[in-house]
Participant: 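After the structure tokens below, expect a handful of questions from me.
Being a predicted model, the structure only gives us computed values, none of them experimental. All ligand and atom numbering here is 1-based and tracks the order in the structure.
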Amino acid sequence: MQEVTIGGKTFEQYISEDQIADRVVELGAVISKEYADKNPLFIVLLKGAYVFASDLLKHFLHPCTVSFFRLSSYKGMSSTGKLTFKDVFDENIQGRDIVVVEDIVDTGNTLSGFLPALQTLEPNSVKVVSLLSKPDVLQGKVHIDFLGFEIPPAFVVGYGLDFDEQGRNYPQIYQLKQ
Ligand code: 5GP
């Protein structure tokens, strides 16, 4: 579909299923090379990263464990800047090589709150993989080690990303139509 309507707003196709799939394979290959013998713990940030993580981990065919955390700093179409921890750590982090899986890094507030909290649990290493980043908004606040796509600061939905909980189910990424 070229356009979809979600919550009364029109979104147009922005990154296709094929483009996403190709990039996910590339990211999987890079992460596999680095973590093949490290038995990493992938921490998937819910809800948005669930689709990306599911596809990405099909391309990491080495020992690993997966954990899920629900963080939310977004309401509607703008970041509230306030981090809400809605879940607790359910894995032993100490000494582990962690890969945090994020859907999109926008202002960086979510990760700049989450990563220091993670560090207090003494992991061996922490890196971040994000499907999308908006560098114009981020202004270097958070380092993304493995990145799918840089995008301009427009609101996107689909492939796990929502607009007030709608639209996560679309297989491609749509951008708000101006
Ligand atoms: P940050 O804390 O970096 O500003 O925002 C990170 C979180 O905000 C992401 O994990 C995602 O849930 C949400 N977010 C940021 N930009 C967008 C966007 O363009 N579309 C959607 N659907 N969510 C976004």
Participant: By number and element, which atoms of ligand 1 are closer than 4.0 Å to a non-hydrogen atom of Asn109?
Facilitator: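 Within the 4.0 Å cut-off of Asn109, ligand 1 contributes 1 (P), 2 (O), 3 (O).
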Participant: Tell me whether Phe155 reaches ligand 1 (any heavy atom closer than 4.0 angstrom to a ligand atom).
Facilitator: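 It does, in that a heavy atom of Phe155 comes within the 4.0 Å cut-off of ligand 1.
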Participant: So is Gly108 polar-close to ligand 1, meaning N/O to N/O under 3.5 Å?
Facilitator: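 Yes, Gly108 has an N/O under 3.5 Å of an N/O on ligand 1.
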Participant: Polar-atom distance check: Val156 versus ligand 1, any N or O pair below 3.5 Å?
Facilitator: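 For ligand 1, there is an N or O atom that lies under 3.5 Å from one belonging to Val156.
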Participant: Is the Phe42-Phe60 ring centre distance short of 6.0 angstrom?
Facilitator: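 Yes, they do, as the ring centres are separated by less than 6.0 Å.
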Participant: Find all atoms of ligand 1 within a distance of less than 4.0 Å from any non-hydrogen atom belonging to Glu102, and give their numbers and elements.
Facilitator: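 Reading through ligand 1 atom by atom, the close ones are 10 (O).
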Participant: Name the orientation class of the two ring planes belonging to Phe69 and Phe114 (parallel below 30°, tilted from 30 to 60°, perpendicular beyond 60°).
Facilitator: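 Rings of Phe69 and Phe114: tilted, as their planes differ by 30° to 60°.
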Participant: Tell me the contacting part of Asp103 for ligand 1: side chain, backbone, both, or neither, using a 4.0 Å heavy-atom threshold, strictly below.
Facilitator: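 For Asp103, the contact with ligand 1 is made by the side chain alone.
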Participant: Indicate whether the side chain of Tyr159 and that of Asp55 have a donor and an acceptor atom separated by less than 3.5 Å.
Facilitator: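 The answer is yes; a qualifying pair exists.
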Participant: Just to check, does Lys134 reach to within less than 4.0 Å of ligand 1 when the distance is taken from its heavy atoms?
Facilitator: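 Under 4.0 Å: yes for Lys134.
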Participant: In terms of the angle between their ring planes, are Tyr35 and Phe146 parallel, tilted or perpendicular, with boundaries placed at 30° and 60°?
Facilitator: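 Geometry flag for Phe146 against Tyr35: perpendicular rings.
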Participant: What residue among Thr120, Leu41, Val126 forms side-chain contact (heavy atoms from CB on, under 4.5 Å) with Ile93?
Facilitator: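 By the side-chain contact (heavy atoms from CB on, under 4.5 Å) criterion, Ile93 pairs with just one of Thr120, Leu41, Val126: Leu41.
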Participant: Whether the side chain of Ser54 engages the backbone of Tyr50 through a donor-acceptor N/O pair (distance < 3.5 Å, no angle test) should be reported.
Facilitator: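 No, because the side chain of Ser54 does not come within donor-acceptor range (under 3.5 Å) of the backbone of Tyr50.
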Participant: If you count the atoms of ligand 1 from 1 in the order shown, which ones are under 4.0 Å from a heavy atom of Asp162?
Facilitator: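 In order of number, 21 (C), 22 (N).
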